[in-house]
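Accompanying notes for the structure given below.
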Amino acid sequence: MTVSIYNTKSGKKEPFSPLEKGHIKLYVCGITAYDYCHIGHARSTLVFDMIVRYLRYKGFKVTYVRNFTDIDDKIIKRAQEQHTTTEELANRFINAFHEDMESLGNQHPDLEPKATENIPEIISIITDLIHKGYAYEVSGDVYFKVEKFAGYGSLSGRNLEDMMAGARISINEQKVNPMDFALWKSSKPGEPTWDSPWGPGRPGWHIECSAMSRKFLGESFDIHGGGKDLIFPHHENEIAQSEASTGKPFVGTWIHHGFVTIKDEKMSKSLGNFLTIREILEQYPAEVLRFFVFSSHYRTPLDFSETAMKDAQTGLDRLYTCLAEVAKLPEHGDPGQNPAAGKKNANKINSLVDRFVSAMDNDFNSAQALGHIFEVVKSMNAIRQTLPAAPAESDLALLRSGAKTITELAGIMGLLQHDPVAYIKTKQEKILSHLAIDPRTIESLLRDRTAARDEKNWSRADEIRDELLKNNIEIKDEADGTTSWQVKI
RNA sequence: GGCGGCGUAGCCAAGUGGCUAAGGCAGUGGUCUGCAAAACCAUUAUUCAGCGGUUCAAAUCCGCUCGCCGCCUCCA
């Protein structure tokens with residue numbers, strides 16, 4: 001089966017095949033390094049992490065490039081505010097970004113080039129564009145001539161006249177057309193600068209992606225991705241620069257993911273309603289964030305809330321609980337025992353791979369794919385419930401193969417990769433360390449309760465139980481008369 | 001103003017013309033238990049914002065209306 005991908009360029013889902021058989025070249029716009037990353041950035045990296053892992057699962061070789069923009073207006077401004085260099089500032093936030101990626105459990109892209117390390121390539125494209133008449137220099141600045149490029153606006157579905165009518169662009173006297181955008185900016189005193197044929201300066205915003213994608217992936221490549229907000233102007237301008245320069249198609253498939261919203265509003269620095277990745281990860285395990293992100297299709301908006309994260313946590317726990325229960329099953333089956341698993345449940349389990357793959361083939365529908373996993377969990381629980389003390393070998397084999405498949409497939413989203421038993425234990429220990437009650441007190445109260453129960457003093461026993469529950473401690477009276485306790489998750 | 005998207009149960013969310021409208025959370029009922037908790041099971045939309053149309057058949061296609069959101073300026 002082939003993967004279908006929604007292509008922003010055509011506005012449709014299309015069967016995907018790479019230019020070079022079996023080898024996909026993917027470029028994703030990374031961050032501009034001037035601040036800590038927020039959960040919108042997290043979604044972006046998570047989505048492409050999942051996409052790359054899935055394409056590799058399908059047997060493709062994937063070359064995954066994600067850049068850093070480490071020179072730009074915002075970086076210069078922020079560096080000046082902090083009385084530091086753009087280099088120091090950018091490196092500081094690139095390091096922070098790498099820490100965040102590590103915490104999120106994302107795999108590394110194959111290459112993470114920086115704009116400042118590719119200045120010669122940038123200058124070379126600009127020079128070429130001037131030669132070909134697509135760009136012009138005005139007192140040290142170089143602009144791209146949008147009117148000269150016939151397809152300008154095709155990605156974002158707009159034309160120059162409409163954009164002019166928008167009238168939200170500041171008129172720059174130097175430009176031939178107000179929509180012309182800067183390829184090279186002359187530097188002001190005190191700003192970082194590189195020598196160029198047009199004098200000392202630095203690259204404009206969009207050109208670095210054209211230069212780096214060409215250098216590492218070639219003039220034409222398969223997939224280019226980023227957030228929806230990059231469609232215009234960033235990606236539109238990249239197409240113009242690259243195709244004007246090479247005369248070849250730039251990118252086959254454009255993938256754009258939706259935003260993370262808070263209270264249904266876009267999260268952004270200008271609105272001040274953003275949460276950084278580190279703030280989130282202080283409160284929730286990375287895996288919960290991953291589960292939350294992959295519970296929705298990547299192109300829809302994703303509304304972040306405490307409730308949504310709590311739901312994600314509970315859902316994830318349900319999956320881990322099932323795996324943990326299967327792990328606790330006896331090692332060997334009873335040869336004399338009849339199988340407990342019905343045909344329907346067995347089919348559900350055995351067909352999981354097919355159903356998961358067809359969901360993911362359909363434009364990476366991770367939400368549907370997770371739904372299939374939950375269905376199988378339900379089937380496995382149902383079988384487990386009817387299992388006798390000495391279960392049949394075929395039942396054990398079925399449950400183990402189900403658990404193995406779930407673990408493998410969930411791994412494409414970076415989920416369920418912890419040992420299930422250890423996962424639950426670690427989590428409880430973490431919660432316990434924040435509780436106002438310690439294990440010694442708990443044990444002591446439980447001894448009191450056991451004594452009360454021995455005397456059939458139920459009201460006292462229940463009182464202690466309620467007291468513990470108030471402190472997030474759940475207790476369980478075992479069949480053998482002992483009482484165990486655990487932290488409520 | 002131009003362009004694009006969305007509106008499915010209490011909440012979240014899949015569904016790309018045709019089998020019972022996935023799945024999760026919450027709720028309710030049950031198994032278990034002295035009673036609980038946990039776990040598990042069962043159950044919860046005759047209907048997909050509204051109104052028309054196309055079709056043998058529409059949540060899915062088309063048109064209009066209402067509501068929400070995004071891009072057009074830095075943005076994942």
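To find a chain, count down the sequence lines: A is the first, B the second, and so on, and within it residues start at 1. Scope of the values below: all heavy atoms of this structure, side chains included, with no hydrogens, waters or symmetry mates.
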Short side-chain N/O contact to B:G15 OP1/OP2 from A:Asn365, under 4.0 Å: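 So the side chain of A:Asn365 is within the cut-off, an N or O lying under 4.0 Å from OP1 or OP2 of B:G15.
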Any base atoms under 4.0 Å from [X], or only sugar-phosphate, or nothing? Heavy atoms, all strands.
X	answer
A:Asn381	sugar-phosphate
A:Arg449	base
A:Val47	nothing
A:Gly227	sugar-phosphate
A:Glu325	nothing
A:Ile231	nothing
A:Ala308	nothing
A:Arg318	sugar-phosphate
A:Lys378	sugar-phosphate
A:Arg43	nothing
A:Ser4	nothing
A:Glu375	sugar-phosphate

Run the side-chain contact (heavy atoms from CB on, under 4.5 Å) check on A:Glu208 and A:Thr69 step by step: do they pass? CA-CA 8 Å; A:Glu208 83 279 21; A:Thr69 297; 2.7 Å; yes
Should A:Phe259 be counted as stacked on B:A76, where stacking needs a ring-centre gap under 5.5 Å and an angle between planes under 30 degrees?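 Aromatic stack with B:A76 absent for A:Phe259.
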In whole Å, what is the span from the [atom1] atom of [X] to the [atom2] atom of [N]?
X	N	atom1	atom2	answer
A:Glu265	B:C69	CD	P	7 Å
A:Arg465	B:C35	CZ	P	11 Å
A:Phe292	B:C25	CZ	C1'	13 Å
A:His297	B:G23	NE2	P	20 Å
A:Asp303	B:G24	CG	P	22 Å
A:Asp477	B:A39	CG	C1'	15 Å
A:Lys266	B:C74	NZ	P	11 Å
A:Asp100	B:A76	CG	P	14 Å

Write down the distance separating the [atom1] atoms in [N] and [M], rounded off to the nearest Å.
N	M	atom1	value
B:U60	B:C48	C1'	10 Å
B:G67	B:A26	C1'	26 Å
B:A13	B:C69	P	16 Å
B:C74	B:G15	P	33 Å
B:U8	B:A45	C1'	8 Å
B:C12	B:G17	C1'	27 Å
B:A37	B:G10	C1'	25 Å
B:A22	B:C72	C1'	38 Å

Taking for each residue the nucleotide of RNA chain B with the nearest heavy atom, is it A:Gln385 or A:His38 whose nucleotide lies nearer the 5' end?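 The residue mapped nearer the 5' terminus is A:Gln385.
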Starting from the 5' end of RNA chain B, give me the residue, A:Tyr298 or A:His372, whose nearest nucleotide shows up first.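 The answer here is A:Tyr298.
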Taking the six-membered ring for Trp, is the centroid-to-centroid distance between [X] and [Y] below 6.0 Å?
X	Y	value
A:His372	A:Phe356	no
A:Tyr36	A:Phe93	yes
A:His98	A:His108	no
A:Tyr6	A:Phe364	no
A:Phe68	A:Phe97	yes

Polar atoms only, N or O, under 3.5 Å: list the protein pairs with nucleotides 58-60 of chain B and their distances.
none

Proximity to the side chain of [X] - top-ranked nucleotide from [options]:
X	options	answer
A:Gln368	B:A76, B:G15, B:A13	B:G15
A:Thr314	B:A76, B:G15, B:A26	B:A26
A:Phe232	B:C72, B:C40, B:G24	B:C72
A:Ser296	B:A13, B:A37, B:G34	B:A13
A:Asp229	B:A76, B:C72, B:A14	B:A76
A:Trp458	B:A39, B:G34, B:A13	B:G34
A:Thr300	B:A37, B:A14, B:G2	B:A14
A:Arg158	B:C25, B:G2, B:A13	B:G2

Between the side chains of [X] and [Y], does any donor sit under 3.5 Å from an acceptor?
X	Y	answer
A:Thr32	A:Asp72	no
A:Asp317	A:Tyr423	yes
A:Glu375	A:Ser379	no

Report yes or no: is there a donor-acceptor pair, N or O only, under 3.5 Å between the side chain of A:Asn457 and the base of B:G34?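 No such pair is found, so the answer is no.
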A:Arg453 (side chain) and B:G34 (base): donor-acceptor pair under 3.5 Å: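 Yes, the side chain and the base share a sub-3.5 Å donor-acceptor pair.
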Main-chain N/O of A:Ser154 paired with A:Glu236 side-chain donor or acceptor, under 3.5 Å: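 Here the side-chain-to-backbone pair exists.
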So, does A:Asn67 use its side chain to make a donor-acceptor pair with the main chain of A:Gly30 at under 3.5 Å?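 Between the backbone of A:Gly30 and the side chain of A:Asn67 there is a qualifying donor-acceptor contact (under 3.5 Å).
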Please state whether the rings of A:Trp254 and A:His235 are parallel, tilted or perpendicular, taking 30° and 60° as the class boundaries.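 Ring orientation, 0 to 90° scale: tilted.
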Can A:Arg158 be said to sit on top of A:Phe232's aromatic six-ring, NZ or CZ under 6.0 Å from centre and within 45° of the ring axis?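 Geometry flag: set, cation within 6.0 Å and 45°.
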For atom NE2 of A:His234, is the number of surrounding heavy atoms from other residues, nucleotides or ligands below 6.0 Å larger than 12?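 Yes, NE2 of A:His234 has more than 12 neighbouring heavy atoms, counting only those of other groups under 6.0 Å.
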Name all stems that contain residues of RNA chain B, defined as runs of 3 or more consecutive Watson-Crick or G-U wobble pairs, both distances under 3.5 Å.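 Detected stem regions: B:1-7 with B:66-72, B:10-12 with B:23-25, B:27-31 with B:39-43, B:49-53 with B:61-65.
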